[in-house]
Amino acid sequence: MLHIFRQMKTRDRWLALLCLCLVCGQVYFDLKLPDYTAAITVLISSEVTEMSEYWSAGLKMLGCALCSAGLTVIVGFFVARIAADFSFDIRSLVFNKVTDFGSGDIKKFSTASLITRTTNDITQIQMIIAMGLQMMLRAPIMAIWAIIKIVGKSWQLSAVVAAAVLVVVISLIILLAIMIPKFRIVQRQIDDVNRITEENLNGIRVVRAFNAEKYQEDKFETANDNLKRTQLFTGRGMAFLNPIMMFVQSAVTLGIYYVGAILINNIEIPMTDMTAMAAAISDRSVMLGDVVSFSSYAMYVIMSFVMLLMIFMMLPRAQVSARRISEVIDSDVAVTEGSEKTGSETGTIEFKNVSFHYPDASEDCLKNISFSAKKGETVAFIGATGSGKSTLAELAARLYDATSGEIRLDGRNISEYTFNTLYDKVGFVPQKAQLFSDTIKGNISFGDCGHEVTDRDVEEALDIAQATDFVSEMDGGMDARIAQGGTNVSGGQKQRLSIARALARKPEILILDDTFSALDYKTDRILRQRLMQERKNMTCLIVAQRIGTIRNADKIVVLDDGAIVGMGTHDELMKSCPVYQEIALSQLSEDELAANA
């Protein structure tokens, strides 16, 4: 947790120090009240007290109470500002760190867990700061200051307070030792609930299509019930402390007055000597005042432990949350940027003996991949499901780094470029089209590509991607709103808008990861023709399942089980590559292949 607090700005640290000073003033005024209570008690016992003395002591008590209340308000204002600023900074830090994550880093934590860490976990930290700077600072200062005030007045009364404190401390230690492991489990179970909820919302159509509502409900019910049981356990455990504290408060008050009564009764009043009698009565009055003030000080000590109890109820979860946030902030990003901003060539990409395996995999999913693409060429990749086509496209877009070998882009190792330079050169359209809750124009001009994307660029990209027709029919045209996740457009429309977004950047290299799968054959053919006409100097890497989509490519790379088993043009592969022949014949008849040729 200390590592998290080191992220606090210098300004907030100075405000926290100011709060500490104000809390000391607040405690000072609070602890002055029992002194005036004792003074009034003594005045009541005196036979020659003037009314002005009562008014003086009462007004001083009122002044102390008002000063304490004023300082409490000021501390609350500053603490709320510190907590809000700190949570804002940490949330931004976590979000920016996650933005730098590669696909492997995201999978290591899971999306649901990262959402929980960015929201719920940071809220726990914010709450502990908001309460901690008020209670955690005030409680020990008040307890120590009150103990100093009562020490030396009466060892008997001090023993009563010490016994009460011992009971409270032992109770806290036992319960916290039981609760802290449970709080760790709570955060993991919240991750599970978020994950199942996210899966259900993302796959709601599949759930309904397969009549799996009951299955999903049971799955959620199990995770939700586990969370409920753990939270009930921790809640009941912490609730057990409340009656303990109430019992201790009542017991210590009763004990102080009982012991005080014995001490007062032990002061004998001689009936024969009037001077000694007056002195004994005065001693009894002073002792009564001490007992009253001692009772108030004891309540402050116990109240300090009550405040610490409230903090301790939140602290274990906050510690778990701080540890989870630190894991994100301190995690090493697998894909780091270089410093180069220029290459020696334009529009070229080359794989040299590239192999790759995922972080949690035991063997390579790509093995010794070598090919090159020159400026303006179209290189296509085809193969069976699981042959590594999409992984190869992600390596070309540097979503992962190769395990071995080298990927060169424009004559330089791809890892040497800054991210801005790399993604100014590369336009990547992923297999799963992703749209954002924005206008169509906002989605197409999304991001920074090193130059301004004008309305003309957006219109041209939509036209090439064969999206102009359906966009013009939408209410508002390019200003029509896209729902979150693109749920108000079809799969084919989402793919065409994703392609348009990449084209609007005018990249040197366009990577299309099976982005024609939801398009009909006619739209597929026209889109590819327009690409060749309008983007002649753009290098294209195309992952596809259809022979018709890639047969006119300058080079076709055939993958099987992560290795290249054929490379060449369509006609060359039809003569020399059995895997390609099998794929082609599974989609087209021999007569169709001959006619197309």
Side-chain angles (χ1 to χ4, degrees), residues 96-108 329-359 361 364-379 381 388-430 446-451 453 501-513 535 537-543 554-555 557 559 562 564 567:
N96 294 337
K97 182 75 173 188
V98 173
T99 303
D100 292 335
F101 279 176
S103 299
D105 301 313
I106 296 289
K107 291 177 181 178
K108 181 174 69 175
I329 295 174
D330 296 338
S331 64
D332 295 327
V333 179
V335 179
T336 57
E337 66 177 331
S339 58
E340 297 295 334
K341 297 183 179 181
T342 58
S344 58
E345 302 171 2
T346 302
T348 64
I349 186 167
E350 181 181 10
F351 276 54
K352 289 185 174 182
N353 302 317
V354 171
S355 296
F356 175 76
H357 68 261
Y358 289 100
D364 291 341
C365 61
L366 287 177
K367 306 160 190 173
N368 200 32
I369 303 295
S370 296
F371 71 90
S372 63
K374 297 179 181 178
K375 180 179 180 180
E377 284 189 340
T378 297
V379 178
F381 305 91
K389 303 184 301 297
S390 292
T391 302
L392 190 149
E394 291 175 344
L395 287 175
R398 212 191 166 209
L399 300 184
Y400 294 97
D401 275 336
T403 306
S404 62
E406 182 182 26
I407 302 173
R408 299 185 69 81
L409 187 144
D410 287 354
R412 191 183 295 279
N413 191 307
I414 196 172
S415 63
E416 296 177 4
Y417 288 108
T418 65
F419 287 146
N420 285 343
T421 301
L422 174 63
Y423 295 114
D424 287 347
K425 293 176 177 290
V426 174
F428 178 62
V429 185
F446 181 78
D448 180 9
C449 58
H451 63 84
V453 178
R501 178 168 57 202
L503 292 173
R505 300 172 67 85
K506 297 181 179 179
E508 295 177 11
I509 299 172
L510 179 65
I511 303 172
L512 303 173
D513 182 10
R535 296 288 191 267
N537 294 324
M538 183 172 63
T539 305
C540 287
L541 303 183
I542 301 177
V543 173
D554 298 298
K555 186 184 299 180
V557 177
L559 296 174
I564 295 178
M567 186 186 306

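What you see is a predicted model, and the numbers here were worked out from it, not measured in a lab.
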Contact between [X] and [Y] at the side-chain level, heavy atoms closer than 4.5 Å - yes or no?
X: Cys540; Y: Leu510; answer: yes
X: Ser372; Y: Arg408; answer: no
X: Thr391; Y: Tyr400; answer: no
X: Glu337; Y: Leu422; answer: no
X: Leu392; Y: Val543; answer: no
X: Leu559; Y: Ile369; answer: yes

Heavy-atom closest contact ([X] atom, [Y] atom, distance):
X: Leu395; Y: Ala402; result: CD2-N, 3.9 Å
X: Ala502; Y: Pro507; result: O-CD, 3.3 Å
X: Arg505; Y: Val426; result: NE-O, 4.2 Å
X: Asn537; Y: Lys375; result: O-CG, 3.6 Å
X: Tyr358; Y: Cys365; result: CE1-SG, 3.7 Å
X: Gly376; Y: Asp554; result: O-OD2, 4.2 Å

Checklist entry - Can you name the residues that form a salt bridge (Lys or Arg N to Asp or Glu O under 4.0 Å) with Lys367, not counting sequence neighbours? => result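 In terms of salt bridge (Lys or Arg N to Asp or Glu O under 4.0 Å), with neighbours along the sequence ignored, Lys367 is linked to Asp561.
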
Checklist entry - Excluding sequence neighbours, so at least two apart, what forms salt bridge (Lys or Arg N to Asp or Glu O under 4.0 Å) with Arg398? => result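 Residues passing salt bridge (Lys or Arg N to Asp or Glu O under 4.0 Å) with Arg398: Asp401.
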
Within this structure, what is the [atom1]-[atom2] distance for the pair [X] and [Y], rounded to the nearest 0.5 Å?
X: Ser390; Y: Ile511; atom1: OG; atom2: CD1; value: 11.5 Å
X: Thr539; Y: Glu508; atom1: OG1; atom2: CD; value: 8.0 Å
X: Tyr417; Y: Tyr423; atom1: OH; atom2: OH; value: 13.0 Å
X: Ile509; Y: Lys425; atom1: CD1; atom2: NZ; value: 8.0 Å
X: Thr421; Y: Ile414; atom1: OG1; atom2: CD1; value: 12.0 Å
X: Leu366; Y: Ser404; atom1: CG; atom2: OG; value: 10.0 Å

Compile the donor-acceptor pairs under 3.5 Å between side chains in residues 341-357 and protein atoms, sequence neighbours left out, one pair per line.
unit_1: Glu345; atom_1: OE1; unit_2: Thr348; atom_2: OG1; d: 2.7
unit_1: Thr348; atom_1: OG1; unit_2: Asp410; atom_2: N; d: 3.4
unit_1: Asn353; atom_1: OD1; unit_2: Ser370; atom_2: OG; d: 3.1
unit_1: Ser355; atom_1: OG; unit_2: Asn368; atom_2: N; d: 3.0
unit_1: His357; atom_1: ND1; unit_2: Asp364; atom_2: OD1; d: 3.1

Checklist entry - Residues two or more places apart in sequence or in another chain: which of them pass side chain to side chain contact (heavy atoms under 4.5 Å, CB included) with Asn420? => result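 Thr418.
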
Checklist entry - Excluding sequence neighbours, so at least two apart, what forms side chain to side chain contact (heavy atoms under 4.5 Å, CB included) with Ser331? => result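 Listed in chain order: Lys97, Phe101, Lys108, Phe109.
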
Checklist entry - How would you list, by chain and number, every residue that makes a ring pair (Phe, Tyr, Trp, His ring centres under 6.0 Å) with Phe381, sequence neighbours excluded? => result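 Ring pair (Phe, Tyr, Trp, His ring centres under 6.0 Å) list for Phe381, sorted by chain: Phe371.
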
